[in-house]
Student: 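What follows is a structure written as structure tokens; I'll ask about it next.
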Protein chains: 2
Amino acid sequence: MTQQIAGIPADADISRADSLAREIFSDVANKWALLIIETIGDGTLRFSELRDRVEGISHKMLTQNLRMLERNGLVTRTVHPTVPPRVEYTLLEAGQALRATVDLMCEWTQYYLSDIESARSRYQA
Amino acid sequence: MTQQIAGIPADADISRADSLAREIFSDVANKWALLIIETIGDGTLRFSELRDRVEGISHKMLTQNLRMLERNGLVTRTVHPTVPPRVEYTLLEAGQALRATVDLMCEWTQYYLSDIESARSRYQA
DNA sequence: CGGAATCCGTTTCGATACTG
DNA sequence: CAGTATCGAAACGGATTCCG
């Protein structure tokens, strides 16, 4: 941490926080991450359940995004040391909070679905 | 439109609506699109103003995303036939509504910034 | 100035095969 | 079953150039 007086952060801290914010935003503002969060919801799902429910996601994208979400503290990963192994994912607080915004986005999509469809037809020009 | 009885949509309609919804969600759940929407806000901005304010966006990505947003009816594009030309972008109703969800997402990012940062440090394992 | 088009390196992504 | 590694194909994204 760079030196700073009282509660006023040094410029370096501001720009560091900004770039961190941008990085997090970029991590999270992506189709697969948001769909995974929405799918886990307030429950707990296994890897294979997620792969089945998040339509169209590949094995690779699922692990990749789950790692990212785990790294950022949005989900927990619980490994049950059985055979075959059983790995479960649950949203943590930050993940739940983000889910609220994803819910809104999904509602938005449903609400404007027909408007957007007609906008698209109109766009032929 | 495929045949249907009363208000009950045929299966084909449901899956068409679903795939449309997914398509729209994929269009919109992307870093640049969301940042552009957030930046336009409730104002009107020129192409060059947007390029300056949406940090790190290239000429190409900006036009590409603006076309997409225009096509989906989220923004209007107004061309003033002067020389040099002046093109302005404003959010339409659907765009404003989506902006509300982006605002939430930005607040989320700020609120959980430090939590996420410490989660990342903890992740070294 | 805004935008289309081109070129070209980088990243993403899916498929496949392999490990514990 | 969950995850890693590898390998092409495809999409993304930046830089540049030309046009209205």
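Below, chain A is the first sequence line, B the second, and so on; all start at residue 1.
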Student: Can you sort out which residues in residues 20-36 of chain B have a heavy atom within less than 4.0 Å of DNA chain D? Ascending by number, please.
Tutor: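 Listed by number, there are none.
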
Student: Can you check whether B:R120 reaches A:N72 side chain to side chain, under 4.5 Å on heavy atoms?
Tutor: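 Yes, side chains in contact.
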
Student: Indicate yes or no: does B:E88 engage B:R86 in a salt bridge with an N to O separation below 4.0 Å.
Tutor: yes

Student: Which whole-number value in Å describes the distance from B:H59 NE2 to C:dG2 C1'?
Tutor: 6 Å

Student: Please list, in 5' to 3' order, the outermost nucleotides of DNA chain D lying under 4.0 Å from any heavy atom of chain A.
Tutor: D:dC1 to D:dC7

Student: Taking A:A94's backbone N and O only, do any of them form a donor-acceptor pair with B:W108's side chain (distance below 3.5 Å, no angle check)?
Tutor: yes

Student: Under the side-chain contact (heavy atoms from CB on, under 4.5 Å) rule, what do A:T78 and A:V87 come out as? Steps first, then yes or no, please.
Tutor: CA-CA 6 Å; A:T78 317; A:V87 183; over 6 Å; no

Student: Are any non-hydrogen side-chain atoms of A:M105 and B:V28 less than 4.5 angstrom apart?
Tutor: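 With C-beta onward as the side chain, the pair touches.
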
Student: Tell me which residues in residues 65-87 of chain A lie within less than 4.0 Å of DNA chain D, going by non-hydrogen atoms.
Tutor: A:R67, A:R77, A:P84, A:P85, A:V87

Student: With side-chain contact (heavy atoms from CB on, under 4.5 Å) as the criterion, how do A:L66 and A:T63 come out once you've worked through the C-alpha distance, each side chain's angles and the decisive distance to 0.1 Å?
Tutor: CA-CA 5 Å; A:L66 283 171; A:T63 40; 5.7 Å; no

Student: Run the side-chain hydrogen bond (donor to acceptor under 3.5 Å, both in side chains) check on A:E70 and A:Y89 step by step: do they pass?
Tutor: CA-CA 9 Å; A:E70 192 191 353; A:Y89 295 90; 5.8 Å; no

Student: How would you list, by chain and number, every residue that makes a ring-ring contact (aromatic ring centres under 6.0 Å, His included) with B:H59, sequence neighbours excluded?
Tutor: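 Applying ring-ring contact (aromatic ring centres under 6.0 Å, His included) to B:H59 gives B:F47.
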
Student: Please give, in whole Å, the distance from C:dG2 P to B:L50 CG?
Tutor: 9 Å

Student: Can you pull out the residues from residues 51-58 of chain A that lie within a 4.0 Å heavy-atom distance of DNA chain D?
Tutor: none

Student: Which heavy atom of B:Q110 sits nearest a heavy atom of A:A21, and at what distance?
Tutor: NE2-CB, 4.0 Å

Student: Any donor-acceptor pair under 3.5 Å linking the side chain of A:E49 with the backbone of A:R46?
Tutor: yes

Student: Please check if atom OH in B:Y111 has more than 12 non-hydrogen atoms from other residues, nucleotides or ligands closer than 6.0 Å.
Tutor: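 Atom OH in B:Y111 is not crowded, with 12 or fewer foreign heavy atoms closer than 6.0 Å.
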
Student: Between atom CZ in B:F47 and atom P in C:dC1, what is the gap in whole Å?
Tutor: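 In whole Å, C:dC1 P lies 11 Å from B:F47 CZ.
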
Student: Would a distance-only check, ignoring hydrogens and angles, find a side-chain to backbone donor-acceptor pair under 3.5 Å from B:E38 to B:L35?
Tutor: no

Student: So, are B:R53 and B:E55 salt-bridged, with charged N and O less than 4.0 Å apart?
Tutor: no

Student: Once Watson-Crick and G-U wobble pairs under 3.5 Å are found, how is DNA chain D written in dot-bracket notation, 5' to 3', with | for any base paired to another strand?
Tutor: |||||||||||||||||||.

Student: Taking B:T90's backbone N and O only, do any of them form a donor-acceptor pair with B:T76's side chain (distance below 3.5 Å, no angle check)?
Tutor: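 Answer holds: yes.
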
Student: Looking at A:R67 and A:D27, is there a salt bridge between them, counting it only when a charged N and a carboxylate O are closer than 4.0 Å?
Tutor: no

Student: Whole angstroms only, please: what is the CG-P distance between B:L62 and C:dG2?
Tutor: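 So the CG-P distance, B:L62 to C:dG2, works out to 10 Å.
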
